Each structure stands twice: as C-alpha cells, then as structure tokens.
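Shown next, in structure tokens, is the structure this report addresses.
As the structure is a prediction and not an experimental result, all values here were calculated from the model. A, B, ... follow the sequence lines: proteins, then strands. Residue 1 opens every chain.
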Protein chains: 2
Amino acid sequence: MHRFRTATFDLENGKRLQNNKNMKTTIKDIARDVGVNVATVSRALNNKPGVSPELRRTIQRRAAELNYLPYGQARSLVTRRTETVGLLFDMELGTLLSNPFYSEVLAGIEAEIRQHDYSLMFASTSGEPVQHFTALPKFIVEHRVDGVIVVGSVEANIIDMLITSGQPFVIVDYHLPDRHLDAVLADNVRGAYAATELLIGLGHRTIAFVGGEPLDHGNFGERLEGYRRALNDAGIPFQDDLVAGGGIENGDLNALQILARRPDTTAVIACNDTNAIAALNALQRKGYGVPDRISIVGFDDIPHAARTHPPLTTVHVDRRGMGRAAALRLIHKLHDNDSQPECETVFPAKLVVRESSGPPPAAKPADSEAVLPDERQ
Amino acid sequence: MHRFRTATFDLENGKRLQNNKNMKTTIKDIARDVGVNVATVSRALNNKPGVSPELRRTIQRRAAELNYLPYGQARSLVTRRTETVGLLFDMELGTLLSNPFYSEVLAGIEAEIRQHDYSLMFASTSGEPVQHFTALPKFIVEHRVDGVIVVGSVEANIIDMLITSGQPFVIVDYHLPDRHLDAVLADNVRGAYAATELLIGLGHRTIAFVGGEPLDHGNFGERLEGYRRALNDAGIPFQDDLVAGGGIENGDLNALQILARRPDTTAVIACNDTNAIAALNALQRKGYGVPDRISIVGFDDIPHAARTHPPLTTVHVDRRGMGRAAALRLIHKLHDNDSQPECETVFPAKLVVRESSGPPPAAKPADSEAVLPDERQ
DNA sequence: TACAGCTTCGCAAACGTTTGCTGGCTTTGC
DNA sequence: GCAAAGCCAGCAAACGTTTGCGAAGCTGTA
C-alpha cells in the first residue's frame with residue numbers, strides 16, 4: 001500500500017499536507033491547523049472533559065470547515081466496539097423480505113437498533129453448508145459486528161459455530177429445544193390452542209390443519225402441537241387425514257385436498273395467514289361459503305388479514321415487539337459485562353376473532369357425545 | 001482503555017500470553033507460536049507470495065488450531081477498504097421490506113454483493129431531516145462502507161450530502177432529472193405507454209389512471225406521463241376526472257370513485273400491481289365483471305399478479321436484475337479508479353398480457369370518431 | 001571464485017484514533 | 001503566602017494488520 005507516499009510534503013517539518021483532493025481529513029489535520037495535540041482534538045470532538053470551552057469550540061468549528069468525518073475503523077481498533085449488530089438468517093434475502101412476519105420483526109429490530117445508535121448488517125447463511133466457523137458471514141469472521149441477531153430457524157451447527165466464535169447473540173422466533181440460549185419467541189402452542197379451542201367452542205368437531213413446509217418444524221410444529229393438545233383436551237381424536245403440509249405456494253391446494261377426502265370438515269386452521277388467505281380464496285372460488293359452510297382461522301395477523309373478505313380470524317403476535325425485544329436484549333448483553341444468564345422471552349399470542357369463523361353449518365348435537373364448550377375447564 | 005493490562009505476563013520476555021479466555025487470538029500469537037514474524041503470518045494467511053510452502057502450511061495449521069479470526073478493523077485501517085456497501089433508503093424499513101417491488105431489488109443487490117464477497121449494511125434516512133452531512137447514517141459518517149446504493153426516491157439534499165461526503169454511490173429506481181448521476185432505472189414511461197396502447201388497441205376510449213401518493217412523484221409520475229403520451233398519440237384527450245391519486249391503503253377507493261363519477265369508464269390502469277389488485281377486488285365485489293365490463297392493467301408484475309382471478313395484465317420489469325446491475329455498477333466503480341463517467345442504465349418494461357384486459361363491453365363505433373387501432377402507427 | 005538473480009523472511013513504518021499518565025498552570029483553602 | 005487541589009493540554013503507547021524495503025541464503029552461470 002502506502003499509496004499516499006506520492007502526496008506532497010511540507011519541507012519545513014516533513015509532515016504531509018492536506019492538499020490531495022481525495023485525501024480525507026483526519027484528526028491530525030485539525031490538530032495541526034489549530035495548533036494542538038491530536039489527543040485534545042479527540043477529546044474536543046467527542047465531548048469528553050479536559051478541554052476548555054473556547055478551545056473546544058475552535059476545534060469543532062475547524063472540523064466542520066474541513067468536512068471532517070471520523071474514521072470508524074481506527075476508533076474500533078482501540079475501543080474494541082463497532083456499534084454494529086449483524087442479522088443472520090437462513091434463507092434467501094428475497095424470501096425473508098417478502099415474508100410479512102419477518103419483515104415486521106426486522107422493522108422492530110431496526111427501530112430499536114437505531115434508537116441506540118447502532119448500525120445493522122445483513123447476511124444470509126443459505127447456500128453452501130457451513131462446515132467451519134470461518135465460513136460464517138464475513139462480518140462475523142472479521143469482527144465487524146459487536147453481536148448478532150439470528151432470525152428464524154437456522155441449522156444447529158451454525159449456532160454451534162456462533163458459540164465457538166464467541167460472538168454474543170440472540171435468537172428471535174426460533175429455539176433449539178435442547179440448548180439454553182437467549183431467545184425471543186412467540187407462544188405458538190398457546191396461540192394455536194386458543195384458535196382450536198375457539199372453533200371447538202363454536203361447535204366444530206372436524207377441524208383441519210393446513211401447514212407449511214416442513215410441517216413439524218419450528219413454529220409450524222409448535223402450532224400443530226397446540227392444535228393437537230386442544231383437540232385432546234376436548235376429547236376429540238387427532239386424525240392424520242385432517243392434516244396437510246406443503247409449501248405456501250400451494251397452500252390453497254392443501255385445503256381443497258382435505259375437503260375432497262373429508263367433506264365433513266367444517267373448519268380449517270392454517271399454520272399462518274398466508275396459507276389461510278390462500279385457503280380462503282380457493283374455498284370461496286369453489287363455492288364454499290366462509291364462514292357459513294366452513295370456518296377459517298389463520299396465524300400471525302399480518303396486515304392483510306384484516307382486509308380480506310370476510311376479515312380473517314387469526315392469532316396475533318406482536319412481531320414488531322419481538323424484534324425490539326431481541327435487539328434490546330442483545331444491546332444489554334453488549335453493555336452489561338455481568339451477563340445475566342441466558343433466558344427465553346415468550347411473547348403472548350392473542351386470538352383476534354373476526355368474521356371468517358362461525359358455528360358449523362348444521363349443528364348436529366346427536367352426531368356424537370360432543371363435549372359442550374362449557375363443560376371444559 | 002488498556003483494560004488488557006491485567007493480563008498475566010510471561011516473565012521471560014514480557015510478552016502477553018494467550019491465556020485470557022475472552023482475549024481473541026491475533027496474528028502476533030501465531031507469529032510467536034510458530035517463531036516467525038507477523039509479516040510472514042500475514043502473507044501466509046492471505047495466500048500472498050513470499051512464503052515457503054511448508055512454512056505456510058505450518059502457519060495455517062496453527063491459525064486454525066487457535067481459532068484465529070482476522071480483525072477487519074485493523075485490516076481496513078491500512079487497506080482503506082471495508083469490503084462493505086451500504087444501502088440507503090428514505091422510508092421506514094418495514095415499508096421497504098413489505099414492498100414487493102423493492103424486496104426483489106434488494107434480493108438482487110444482495111445476490112450480486114455476496115457473489116463479490118462484500119457485506120451489506122442497511123440504513124433508513126427517514127425521520128428527522130438531514131441538514132448536515134454528519135447526520136447521514138453512521139456507517140457513512142464513520143467510513144464503514146466503501147460505497148452506497150440508494151434505493152428509491154430520497155430527498156435531494158441527501159444526495160447532495162452523499163456527494164460532498166465523497167462516498168461513491170449508485171441510485172436504483174430513482175433519478176433526479178437535473179443531475180447527472182449513476183442510476184439504474186426502469187423504463188416507466190414506455191411501460192405505461194405500452195399498457196395504455198394495449199387498451200386503446202382493444203377499443204377502450206375512456207381509460208382511468210389510479211395512482212399512488214404523491215401522484216406526480218418519481219416512478220408514478222413517469223407512468224402517468226406514459227399514459228398521457230399514449231392518449232395523446234392516439235388523439236384521445238387527457239381528462240382530469242379520470243385520474244385519482246392517494247395512498248395504497250385506499251387504492252380500491254380510487255377506482256370506485258372514478259367509476260362513480262364516470263360510469264363510462266371501461267378500463268383502469270394502476271400505477272402498480274398492489275393498487276391494481278386492490279381495484280380488482282373492489283370492482284369485482286361491486287359486481288363489475290373483469291375484464292368483461294372493465295379492464296384492469298397493473299405495473300411491476302409482482303409474483304401475486306399471476307395468481308389473481310383473473311390473472312393480472314401488467315408491465316414486467318426485471319427488479320432483481322435492476323438490483324444486480326446497481327450492485328455491479330457500484331463494485332466496478334470501487335475497483336476501477338479510472339472512473340468512467342456517470343451513466344443511467346435503463347431496464348426495459350415489458351407488457352405481460354394476461355386475462356384482466358379485454359375489449360370494452362359494447363363497442364360503440366358511432367359514439368365518436370374513434371381512431372381505430374390499425375390506423376395508428 | 002565471484003557475482004548476479006531469485007526466494008524467503010524479518011524489520012519497521014504506517015493506517016487514525018483513544019486514553020493513561022505527566023507536568024504546568026491556575027485556583028482554592030487555610 | 002504557601003501548599004493542596006483542580007483543570008488543561010501534551011506525550012506516547014496501544015489497538016491488529018499490511019507492505020515497502022532490505023538482508024540473508026541459495027542456485028546457477030560466467
């Protein structure tokens with residue numbers, strides 16, 4: 001390097017002059033101009049004590065005149081802090097962004113991060129498998145971030161490598177059952193339980209569950225579990241042929257397939273709103289009235305859920321709040337060296353009853369010894 | 001600082017030992033271990049010439065054993081490059097992410113950036129107005145990025161400050177008419193022209209334009225201009241009461257309002273697909289058949305446009321390609337010091353005819369001296 | 001044998017900033 | 001009037017890495 005050797009020199013003292021156009025002005029330039037030491041300039045510009053008011057003003061004025069911008073790399077080198085946090089996720093960026101759930105989580109993270117004057121870096125781990133921890137995103141390998149927020153499910157070995165890299169991190173919307181890590185989660189089980197409970201309370205007995213891909217993974221698995229438990233607590237047997245998984249792309253097909261093989265279905269719970277809306281459209285187009293013939297309940301309460309026809313009954317989770325909480329947790333972790341133990345923060349899932357759910361078409365009380373809603377709990 | 005003064009010392013030579021748990025291993029540790037100079041370690045690990053093969057292997061092995069990770073800040077300090085680019089936009093992050101257009105642009109940027117082994121930082125300029133260029137995002141102020149990609153419209157003074165900050169930058173999907181800057185754009189005028197032309201060719205004479213907020217700004221303004229020109233070239237007068245602006249939230253209202261005051265409307269062009277889909281739903285729900293009673297054409301060709309009922313006729317632009325192009329342009333700018341002059345890259349807008357467009361309900365040839373499609377051009 | 005050329009490695013400066021320490025000066029307290 | 005205390009500013013080291021230069025060793029040729 002040393003490409004700046006070509007700069008002209010002041011013959012008096014041999015110091016480089018600030019005359020090269022594409023040369024950024026540094027703290028040294030200001031110090032020389034004002035006639036003080038660089039240490040004083042540093043203290044003056046950072047509003048640290050030990051500089052007289054008038055000298056401080058002089059220095060700040062000169063800095064502004066010279067369009068001075070500090071050089072973060074040098075500062076970080078000595079302070080050991082970059083004031084930047086990294087975001088890590090295991091999908092293509094486009095997928096993450098077009099996901100209405102995560103985009104709100106990200107907005108929450110960004111808001112909190114910005115409020116604390118941190119910056120954000122992004123990286124996806126999708127693609128080649130990460131075998132060694134030097135294959136982690138560059139900003140982690142090169143210590144360009146102070147901490148990391150993992151959003152959504154990632155492979156377990158990525159978590160392992162994060163641990164061995166020594167980076168402080170917090171996970172949002174994902175947890176490994178066997179590890180004890182900092183995580184911010186939605187109460188998926190309780191949410192799905194409440195949704196199922198609502199339908200059972202309305203009189204439904206044949207309730208389908210249409211899921212994402214893979215069905216038993218992460219959040220979807222937990223929601224399926226909530227559905228299963230609610231059925232069980234109501235004395236309704238869980239039936240395999242009422243459950244269908246598959247990608248979001250054919251979310252509408254799932255519902256139609258179940259209705260084809262189980263015409264007695266009167267309600268559908270979807271693993272998320274995107275699937276629910278797809279099912280809603282598909283069913284309506286096939287002539288099924290919602291909620292008269294069939295009830296639909298979603299999960300997540302994405303913005304569009306309130307604007308469907310009929311508006312979607314769904315389970316609300318404060319995604320933005322989850323993002324903020326994760327960011328705040330990480331920031332605390334970075335500041336308080338006396339690290340409190342790892343913990344999981346669980347956000348409640350609140351049922352939002354709109355108009356896509358109602359009683360089943362023909363209440364057949366004699367059909368089975370149905371457990372009446374008020375008998376339970 | 002100097003908090004590491006507390007580390008224990010090797011009494012033999014006074015050098016700090018690698019025994020503190022939370023002490024990262026550095027190039028010096030490796031050098032001491034192997035018994036060589038730090039310069040040799042640096043050259044060995046970076047695969048630079050000047051190191052014998054066996055010594056290089058020894059060094060690399062020891063580096064792996066010690067879980068060595070380079071410290072990017074120190075490297076950047078001397079190389080003057082961070083291998084990071086910043087993304088700048090003038091909206092809340094959530095808004096950006098939930099926008100199907102920009103989320104694909106971002107995906108394209110990320111793909112290209114990653115391929116070139118760069119990292120990405122994000123920042124929004126929304127919020128307080130930026131008066132002085134030290135109020136730019138921190139990663140620009142602190143030189144934490146090598147260059148910047150501006151996505152979408154931002155205030156002109158932000159561009160000015162970017163210029164005075166000396167950061168290389170490229171704009172995607174926005175341009176200031178009076179400046180001459182690097183930009184990657186979609187051919188909005190031609191796209192809207194083609195869409196309007198299609199409808200005129202089908203026989204429509206009363207064509208509405210429903211727009212975004214603000215109507216005459218940026219892309220929307222250009223699309224409106226294309227609509228206006230096509231009308232003009234076909235000899236159809238532009239009529240104010242056929243145009244309605246307003247936020248995307250009430251995109252459906254726009255179309256309904258126009259139809260209320262101009263029942264003779266037979267076609268609607270929307271400034272983007274989100275508005276078009278809102279209009280489609282609203283009109284269908286009011287009993288207007290699409291395309292039998294009224295034709296609808298969108299803009300952008302977002303993924304969902306192909307899955308509406310009927311599938312939406314729209315104007316396709318290669319958003320991902322635009323993102324990639326912008327990233328590539330910036331990277332070239334960063335590498336080739338012989339900067340080629342600023343230029344605008346315009347991506348073509350391609351009309352995609354699906355099923356939401358058709359001939360007007362009752363062709364009334366005597367209604368006016370209609371310019372027949374084949375008379376034009 | 002001598003010397004030129006090449007390879008391999010060490011030396012040390014440099015990148016821009018922060019910060020512990022020290023010394024000089026001024027103010028305060030008695 | 002003098003010591004103690006406090007404020008201000010400078011000195012210099014340190015952060016971890018890269019890199020131009022030069023020295024040492026080796027090979028090959030004249």
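The interatomic distance linking A:R43 (CZ) with C:dC21 (P) rounds to 13 Å, in whole Å. Separating the CZ atom of A:R32 from the C1' atom of C:dG16 is a distance of 14 Å, rounded to the nearest angstrom. Here the C1' atom of nucleotide D:dC15 and the CD atom of B:Q73 are 11 Å apart, to the nearest Å. Straight-line distance from the CD atom of A:E83 to the P atom of C:dT17: 15 Å, rounded to whole Å. For B:I27 and D:dC15, the CD1 to P distance is 14 Å, given to the nearest whole Å. Atom pair A:K24:NZ and C:dA14:C1' shows a separation of 19 Å (rounding to whole Å applied). Rounded to a whole Å, the OH atom of B:Y71 is 17 Å from the P atom of D:dA14. Note: CZ (B:R144) to C1' (C:dT17) measures 11 Å, nearest angstrom.
A:Q73 and B:R75 are not linked by any side-chain donor-acceptor pair at a separation below 3.5 angstrom, with hydrogens and angles left out of the test. A:Y102 and A:D173 share a side-chain donor-acceptor pair at under 3.5 Å. No side-chain N or O of A:R114 forms a donor-acceptor pair with one of A:S119 less than 3.5 Å apart.
The bend of the helix from C:dT1-D:dA30 to C:dC30-D:dG1, defined by the angle between the axes of its first five and last five pairs, stands at 50° to the nearest 10°.
Nearest nucleotide to the A:N37 side chain, out of D:dG16, D:dC11, C:dG16: D:dC11. The listed nucleotides are C:dT17, C:dT19, D:dC8; the one nearest the side chain of A:P53 is D:dC8. Nearest to the side chain of A:A74, among D:dG16, C:dG16, D:dT18, sits C:dG16. Closest approach to the A:S52 side chain among D:dC8, C:dC11, D:dC15 is made by D:dC8 (side chain taken as heavy atoms from C-beta onward).
Between B:F122 and A:F122, the angle of the ring planes stays under 30°, which puts this pair in the parallel group of the 30/60° scheme. By the 30° and 60° cut-offs, the orientation of the rings of B:H335 relative to B:Y118 is perpendicular.
Backbone-only engagement by B:P70 is indicated by non-hydrogen atom pairs under 4.0 Å involving sugar-phosphate atoms exclusively.
Counting heavy atoms from C-beta outward, B:V148 and B:V85 have side chains that stay 4.5 Å or more apart.
Of the two residues near DNA chain D, B:A39 and A:V36, the one whose nearest nucleotide lies more 5' is A:V36. The residue among B:L77 and B:G35 whose nearest nucleotide of DNA chain C is located toward the 5' end is B:G35.
Salt bridge B:D160/B:R179: present, at least one basic N to carboxylate O contact under 4.0 Å. The existence of a salt bridge linking B:R57 and B:E54 is excluded, since no basic side-chain nitrogen approaches an acidic carboxylate oxygen closer than 4.0 Å.
The shortest distance between the side-chain N/O atoms of B:S42 and the OP1/OP2 oxygens of D:dT17 is not below 4.0 Å. OP1 and OP2 of C:dT18 both lie 4.0 Å or more from every side-chain N or O belonging to A:R80. Note on A:T40: a side-chain N or O is less than 4.0 Å away from OP1 or OP2 of D:dG10.
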